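Since the structure is predicted, the reported quantities are computational estimates derived from the model, not experimental observations. Proteins come first, then strands; the chains are lettered A, B, ... in the order of their sequence lines, and each starts at number 1. All heavy atoms count here, side chains included; hydrogens, waters and symmetry mates do not.
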Amino acid sequence: MTVVTRIAPSPTGDPHVGTAYVGLFNYAYARRHGGRFVLRIEDTDRERYQADAETHILEMFAWLGIAPDESPLAGGPNGPYKQSERLEIYQAHIDQLLNAGVAYRAFETEEELEAMRKEQKQRGLKLGYDGRGRTLPKEEQDARANNGEPHVIRLATPDEGETAFDDLLRGQIAIGNDEIRDPVLIKSDGYPTYHFANVVDDHLMGVTHVMRAEEWVTSTPIHVLLYQAFGWTLPTFAHLPLLRNPDKSKISKRKLDTSVASYREQGILPEALLNFLATMGWSMPDGREVFTLDEMVDAFDPARISLGGPVFDLKKLRHLNGVYLRDVLDLEEVARRVTPLFEQAGYPQDDPEYLLDVVDVLRPRAETLNDFVDQGGYFFVDTLDYTDDARKRIAGGQQVLEDLERELSMLDVFDEDAIDDVLEDYMRSRELKKPAVLMPLRAALTGTTNAPSVTDLIAILGRSRVLTRIGRALSDMTSSLPDDHPSDEDAAETEAKPKAKAKDPAQGPSA
RNA sequence: GGCCCCUUCGACUAGCGGUUAGGUCACCACCCUUUCAAGGUGGCGGCACGAGUUCGAAUCUCGUAGGGGUCACCA
């Protein structure tokens with residue numbers, strides 16, 4: 001029997017990391033066993049339905065590189081893959097249960113149900129539907145339904161005994177039948193509930209392994225009862241641990257960023273997100289913590305899933321992302337991915353070799369793709385903004401800058417050795433320490449004090465840019481003497497940028 | 001609260017009767033160093049508790065505690 005797994009997200013909002021997580025494990029299991037992975041849209045809640053959510057879910061999986069074998073987009077032999085398009089199927093199946101007397105139509109109004117709960121609370125009884133509608137004769141049920149009276153269809157569940165199932169990860173789980181109230185199968189709007197639709201669809205789509213989040217454990221007996229009512233064989237159930245907020249509660253967007261699109265926008269790589277998610281509850285047999293999707297597939301064994309709810313740790317995700325940026329992806333690939341980001345930020349890219357050099361030198365400092373843009377914009381502008389610190393360094397090193405502007409202008413070959421020689425000679429001849437020379441230079445070249453090696457900067461920027469930037473830093477300083485007050489260092493910090501900007505136009509004509 | 005699941009460093013985890021309880025992130029220190037990183041070295045830190053089984057328990061059993069989930073015409 002070929003393995004069939006599925007992910008069944010409901011289109012109710014931004015695609016969730018939990019969906020990606022469960023999808024990943026289902027995908028890995030199916031692939032590992034040469035089976036099929038199905039994506040089914042569970043859009044039976046018309047209240048929470050969001051029109052564009054389905055597209056976003058599909059896009060998310062595409063971005064992650066998790067390709068379903070069957071989906072609304074890919075199609076497949078078991079479609080349609082949207083529950084809203086399968087209403088006739090549910091209709092036919094509910095009729096079976098109705099005719100068999102396993103399900104019944106219930107006509108209680110919301111007020112009635114509320115009153116029932118209230119009374120249960122007062123009398124200290126168990127909360128939940130008490131099965132009062134079961135006694136209504138079938139003829140009467142049908143008559144009232146034919147009359148157009150709103151109603152739901154419920155499953156008549158046993159009152160005694162217990163319903164058990166085997167969980168692949170947890171062993172046998174048994175729940176008393178008195179815990180299972182007659183659950184609604186078909187809502188009054190005619191749409192099926194999750195309980196009903198997922199059982200019917202999983203069976204019809206040939207799903208062999210239901211791997212889903214732990215929150216479903218206690219309602220699994222309902223599903224078991226349904227499988228039994230239809231006379232279908234049970235799939236294997238595997239309830240995955242729930243991703244957690246830092247406070248250990250079930251992951252939620254109130255406490256954590258749960259949107260996959262948001263991580264994408266922050267410059268997180270799909271490979272890194274997947275790798276991170278994979279380590280939430282699962283581990284490689286050899287202990288490796290950095291591995292690809294394919295490597296996970298090859299090694300995937302549910303027996304290695306640990307059941308404690310893993311806390312979603314942003315810091316670790318970011319670190320892993322950094323590892324991918326500098327150790328896993330090659331330079332060209334990183335450059336390729338960062339190109340559109342630079343362009344969106346207003347730094348058109350027309351020199352691939354230059355970009356490669358820039359990425360190479362920025363890489364050790366980047367945790368996300370966005371870091372390249374945030375930290376490396378100065379490579380691509382003609383007019384720099386200077387931070388407050390940078391201005392101080394420039395102001396304190398004017399002589400150095402003047403000297404080096406001259407020295408460098410006489411240099412023919414701008415390679416690292418030659419640059420180093422110039423700098424070394426200069427420092428030696430003036431008996432200056434490295435920081436005294438390099439920091440003003442770094443500030444003049446980048447507008448900031450946090451940047452790569454000065455030698456690298458000079459080599460990458462090249463003669464023309466280097467001389468222009470030094471010259472501009474010098475003229476900028478001489479025309480802004482008031483900035484040199486050494487006393488108001490901290491207070492001026494937030495003003496630094498606007499000030500620098502305000503002054504630029506004044507120097508502008510040459511640019 | 002009832003029911004169900006879970007429990008190894010702060011976080012993610014390895015371990016599946018005999019280990020000085022290992023690794024990763026974070027944190028700290030040192031090294032490297034030209035700033036910021038990256039990198040290197042070292043450190044801090046854990047088997048929730050109590051019984052039992054056993055020659056021997058992080059590993060098996062049972063209790064207790066703690067955490068989580070679930071009790072909808074949402075999934």
Margin query: Using ring centroids (six-membered ring only for Trp), state whether Y194(A) and H223(A) fall under 6.0 Å.
Written below: yes
Item checked: From C12(B), C74(B), U24(B), nucleotide with atom closest to M280(A) side chain -> C12(B)
Note to self: One thing to verify: whether K121(A) and E119(A) come together as a salt bridge, which I'm taking to mean a side-chain N less than 4.0 angstrom from a carboxylate O.
What the structure shows: no
Note to self: Between U33(B) and K434(A), counting only base atoms on the nucleotide and side-chain atoms on the residue, is there a donor-acceptor pair under 3.5 Å?
What the structure shows: no
Item checked: Nearest-Å distance once atom P is located in both C9(B) and C4(B) -> 26 Å
Next item on the list: Using modelled atom types only, decide if a donor and an acceptor are shared between the side chain of R304(A) and the backbone of S283(A) within a distance under 3.5 Å.
Entry: yes
Notebook entry, point to check: At under 4.0 Å between heavy atoms, what does G176(A) touch on the DNA or RNA strands: base, sugar-phosphate, or nothing?
Noted result: nothing
Next item on the list: With P as the reference atom in both, quote the distance from G2(B) to G63(B) in angstrom, rounded to an integer.
Entry: 16 Å
Note to self: When the P atoms of A58(B) and G18(B) are compared, how many Å lie between them, rounded to an integer?
What the structure shows: 10 Å
Margin query: Just to be sure I understand the rule, does R244(A) reach a base, reach only the sugar-phosphate, or reach nothing, if contact means heavy atoms closer than 4.0 Å?
Written below: sugar-phosphate
Notebook entry, point to check: Rounded to the nearest 0.5 Å, what separation is found between the CD atom of Q83(A) and the CZ atom of F196(A)?
Noted result: 11.0 Å
Check: Which part of the nucleic acid, if any, lies within contact of R46(A), taking any heavy atom under 4.0 Å across all strands shown: a base, the sugar-phosphate backbone alone, or nothing?
Finding: nothing
Next item on the list: Please report, rounded to the nearest Å, how far the P atom of A75(B) is from the CG atom of L240(A).
Entry: 21 Å
Next item on the list: Rounded off to whole Å, could you give me the CZ-to-C1' distance for the F107(A) and C73(B) pair?
Entry: 14 Å
Checklist line | Closest listed nucleotide, where the reference is the side chain of K248(A) and the choices are A72(B), G68(B), C5(B) | finding: G68(B)
Checklist line | Separation of U34(B) C1' from M427(A) CE (nearest whole Å) | finding: 9 Å
Note to self: What's the gap between G45(B) and A11(B) when it is taken at their P atoms, as a whole Å value?
What the structure shows: 16 Å
Checklist line | Along RNA chain B (nearest heavy atom to each residue), the more 5'-positioned of S249(A) and K316(A) | finding: K316(A)
Check: Is a donor-acceptor contact shorter than 3.5 angstrom present between the side chain of S188(A) and the base of C73(B)?
Finding: yes
Notebook entry, point to check: How would you label the contact of P452(A) with the nucleic acid (heavy atoms, under 4.0 Å): base, sugar-phosphate, or nothing?
Noted result: base
Margin query: Any side-chain N or O of R48(A) below 4.0 angstrom from OP1/OP2 of A75(B)?
Written below: no
Item checked: Under 3.5 Å on both distances, the Watson-Crick or G-U partner of C44(B) -> none
Margin query: Centre-to-centre under 6.0 Å for F342(A) and F379(A), is that the case here?
Written below: no
Checklist line | Test item: R363(A) and L331(A) side chains (from C-beta on) under 4.5 Å apart, heavy atoms | finding: yes
Check: For G124(A), which contact category applies under a 4.0 Å heavy-atom criterion: base, sugar-phosphate, or nothing?
Finding: nothing
Margin query: For Y129(A), does the six-membered ring have the charged nitrogen or CZ of R154(A) within the cation-pi criterion, i.e. under 6.0 angstrom from the centroid and within 45° of the normal?
Written below: yes
Notebook entry, point to check: Side-chain donor or acceptor of T455(A) under 3.5 Å from a matching atom on the base of U34(B)?
Noted result: yes
Next item on the list: Assess whether one donor atom and one acceptor atom, taken from the side chain of E215(A) and the base of G68(B), lie less than 3.5 Å apart.
Entry: no
Next item on the list: Between C3(B), G69(B), A11(B), spot the one nearest the side chain of D313(A), thanks.
Entry: A11(B)
Notebook entry, point to check: Would one find a side-chain N or O of K250(A) under 4.0 angstrom from OP1 or OP2 of A75(B)?
Noted result: no
Check: Is T44(A) near enough to A75(B) that one of its side-chain N or O atoms lies under 4.0 angstrom from OP1 or OP2?
Finding: yes
Checklist line | Base C25(B) to side chain K315(A), donor-acceptor N/O within 3.5 Å cut-off | finding: no
Checklist line | Length of the CZ-P vector between R132(A) and C73(B), whole Å | finding: 13 Å
Check: Base, sugar-phosphate alone, or nothing: which one does A213(A) contact when heavy atoms must sit under 4.0 Å apart?
Finding: nothing
Notebook entry, point to check: Rounded to whole angstroms, how far apart are CZ on F237(A) and P on C4(B)?
Noted result: 18 Å
Next item on the list: Kindly say if K187(A) contacts the phosphate of C74(B), meaning a side-chain N or O under 4.0 Å from OP1 or OP2.
Entry: yes
Notebook entry, point to check: How are the rings of F312(A) and Y263(A) set relative to one another: parallel (under 30°), tilted (30 to 60°) or perpendicular (over 60°)?
Noted result: tilted
Notebook entry, point to check: When the P atoms of U54(B) and G15(B) are considered, how many whole Å apart are they?
Noted result: 27 Å
Next item on the list: Assign each of R326(A) and N450(A) to its nearest nucleotide of RNA chain B by heavy atoms, then name whichever residue's nucleotide is nearer the 5' end.
Entry: N450(A)
Next item on the list: Would you please name every residue forming a side-chain contact (heavy atoms from CB on, under 4.5 Å) with P440(A), sequence neighbours left out?
Entry: L401(A)
Next item on the list: Please work out if E108(A) contacts a base, only the sugar-phosphate, or nothing of the nucleic acid, heavy-atom cut-off 4.0 Å.
Entry: base
Check: On a whole-Å scale, what distance lies between the C1' atoms belonging to A72(B) and G67(B)?
Finding: 25 Å
Margin query: Counting the atoms with a prime plus P, OP1 and OP2 as sugar-phosphate, which does V217(A) contact under 4.0 Å by heavy atoms, base, sugar-phosphate, or nothing?
Written below: sugar-phosphate
Check: Reckon T449(A) touches a base, only the sugar-phosphate, or nothing at all at heavy-atom distances under 4.0 Å?
Finding: base
Check: How far does the C1' atom of A65(B) sit from the matching atom of C25(B), given to the nearest Å?
Finding: 29 Å
Notebook entry, point to check: Rounded to the nearest Å, what distance is computed from the CE atom of residue M284(A) to the P atom of nucleotide U13(B)?
Noted result: 15 Å
Note to self: Mind checking if W282(A) touches a base, just sugar-phosphate, or nothing, with heavy atoms under 4.0 Å?
What the structure shows: nothing
Item checked: Touch class at under 4.0 angstrom, heavy-atom based, for E214(A) against every strand present -> base
Margin query: Counting only side-chain nitrogens and oxygens, does R304(A) get under 4.0 Å of the OP1 or OP2 atom of G15(B)?
Written below: yes
Note to self: Heavy atoms only, 4.0 Å cut-off, all strands: where does G308(A) land among base, sugar-phosphate and nothing?
What the structure shows: sugar-phosphate
Item checked: Residue-phosphate contact under 4.0 Å: S283(A) side-chain N/O, U13(B) OP1/OP2 -> no
Margin query: Please name the nucleotide paired to A57(B) by Watson-Crick or G-U wobble geometry with both distances under 3.5 Å, or report none.
Written below: none
Checklist line | Atom-to-atom span, CG of N275(A) to P of U13(B) - whole angstrom | finding: 13 Å
Next item on the list: Could you check which of U35(B), C74(B), C4(B) has an atom nearest any side-chain atom of S453(A)?
Entry: U35(B)
Check: Of the nucleotides G69(B), U35(B), C5(B), which has the atom closest to the R442(A) side chain?
Finding: U35(B)
Notebook entry, point to check: For L320(A) and A11(B), what is the distance between atoms CG and C1' respectively, to the nearest whole Å?
Noted result: 14 Å
Next item on the list: Count the heavy atoms belonging to other residues, nucleotides or ligands that lie under 6.0 Å from CD of Q172(A), then report whether that count exceeds 12.
Entry: yes
Margin query: Centre-to-centre under 6.0 Å for W282(A) and Y21(A), is that the case here?
Written below: no
Next item on the list: Could you list by number each residue of residues 363-378 of chain A showing a heavy-atom separation from RNA chain B of less than 4.0 Å, or answer none if no residue does?
Entry: P364(A), R365(A)
Check: Distance between the P atoms of U33(B) and U24(B), in whole angstroms?
Finding: 25 Å
